[in-house]
Amino acid sequence: MEVSGTHDFGTRAIHAGQRPDPSTGAIMTPIYQTSTFVQQSPGKIIGEYDYSRAANPTRAALEANIANLEGGKHGLCFASGVAATGAVIHLLSSGDKVLLGDDVYGGTNRLFNRVFAQLGIETVMVDMTDLDAVKEAIDERTKLIWLETPTNPTLKIADIKAVAEIAKANKVTLAVDNTFATPFLQNPLSLGADIVCHSTTKYIGGHSDSIGGVLVTNDPDLHQRLKFIQLSEGAVPGIMECFLLLRSTKTLHVRMQRHCENAAKIADHLNNHPKVEKVIYPGLESHPQHELAKRQMCGFGGMITIYIKGGLEESRAMLEKTHLFACAESLGGVESLIEHPAIMTHASVPAEHRAKLGITDNLVRLSVGIEGVDDLIADLDQALG
Ligand code: P1T
């Protein structure tokens, strides 16, 4: 069935980019587990495909599906979220400058500041919630703004539309990492972003069983340049991974509703907990960008960050005691996870930068899953108690 942007998200999640398999009528896109495609004669291909690094029917169905969910025309899948990020950075040349949000996934920070810095691409980190600081940091060498919102792990919300206006006025490309929000809650392209990035490892995959990334754009020129990088660098996902993700996107809307419901209840509960110093959740009125989150997102997501009373000893004790919340890196799966950013996901961020952002020893990040919420609350209570 052809679905357009006017269909409901759930309808698009299930049908966009999908069609019965032309050779058998199989309703599910088959796993075209093949590296190559036979040609009738040199250069005369039978269908649309010649080699799976360039394109593969299972991957093409996934790329079309996620592009549709983001309200974009073109999707490109990668072997991981950081591979997708790297592809965007490869649009740049030595001497170019990037504005990077000051609070981003530790691996994103590492990629910009330690890998691409060696190639002469300069990264300046800016608090993207401060629009004057964004404007001031731009100069004639600035070619890319990399914005993550909500941020990982302190859940700051930046105004995508306002940053997009600044980017446009200065002819700078704006890429938004939409991993924490998902296309169900936020669509950066509709707010003026040029590129949307996801680690599909997280909510899009949703079952903690695959690593992947995706880029979506409406700009045909950017798409062609990124596709060339995807083909040339070859950091493409395996076909089985694409199939797993296609299965996952069909339930993204249902999972996200439950992630949001559970997280809202847990944030409220922890907000009144004697062992918790502070709760950061975009849905709480106390969140500094709560009004912006209400405007820009259509739900507040499944991530909660808390400062517990005490220090490393108390954090460690809590993370050792939870049963349902598994102590592990990553997020966005159906099962709840708990982690300690300073030791785990953001260990590669320099200690003084972590301190500036408030990534302290008593900061704990929760990825709230879709289990029964009362069980999750009881688990946190016993671990804190
Ligand atoms: O792990 P990978 O699929 O390469 O995705 C990288 C990535 C990109 N963007 C954001 C916002 C992310 O959170 C991540 C990965 N994050 C974790 C592994 C984590 O636990 O925070």
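Start at 1 and go down the list; that is how both ligands and their atoms are numbered.
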Next on the checklist: Check for me whether the distance between the ring centres of F9 and F184 falls short of 6.0 Å.
Outcome noted: yes
Item to check | Hydrophobic cluster (4.5 angstrom, side-chain heavy atoms) - remaining members for I45 | outcome: none
Next on the checklist: I'd like the contact residues of ligand 1, where contact means a heavy atom below 4.0 Å.
Outcome noted: S80, G81, V82, Y105, E148, N152, D177, T179, F180, S199, T201, K202, G212, E329, S330, L331, T345, R365
Next on the checklist: Is it true that, when you exclude K73 itself, more than 12 heavy atoms of the residues, nucleotides or ligands shown sit nearer than 6.0 Å to its NZ?
Outcome noted: no
Item to check | Set of residues satisfying ring-ring contact (aromatic ring centres under 6.0 Å, His included) with respect to F325, sequence neighbours excluded | outcome: none
Checklist outcome for this item: By salt bridge (Lys or Arg N to Asp or Glu O under 4.0 Å), D374 pairs with (sequence neighbours left out) none
Item to check | Test of ring centre spacing under 6.0 Å for F300 and H287 | outcome: no
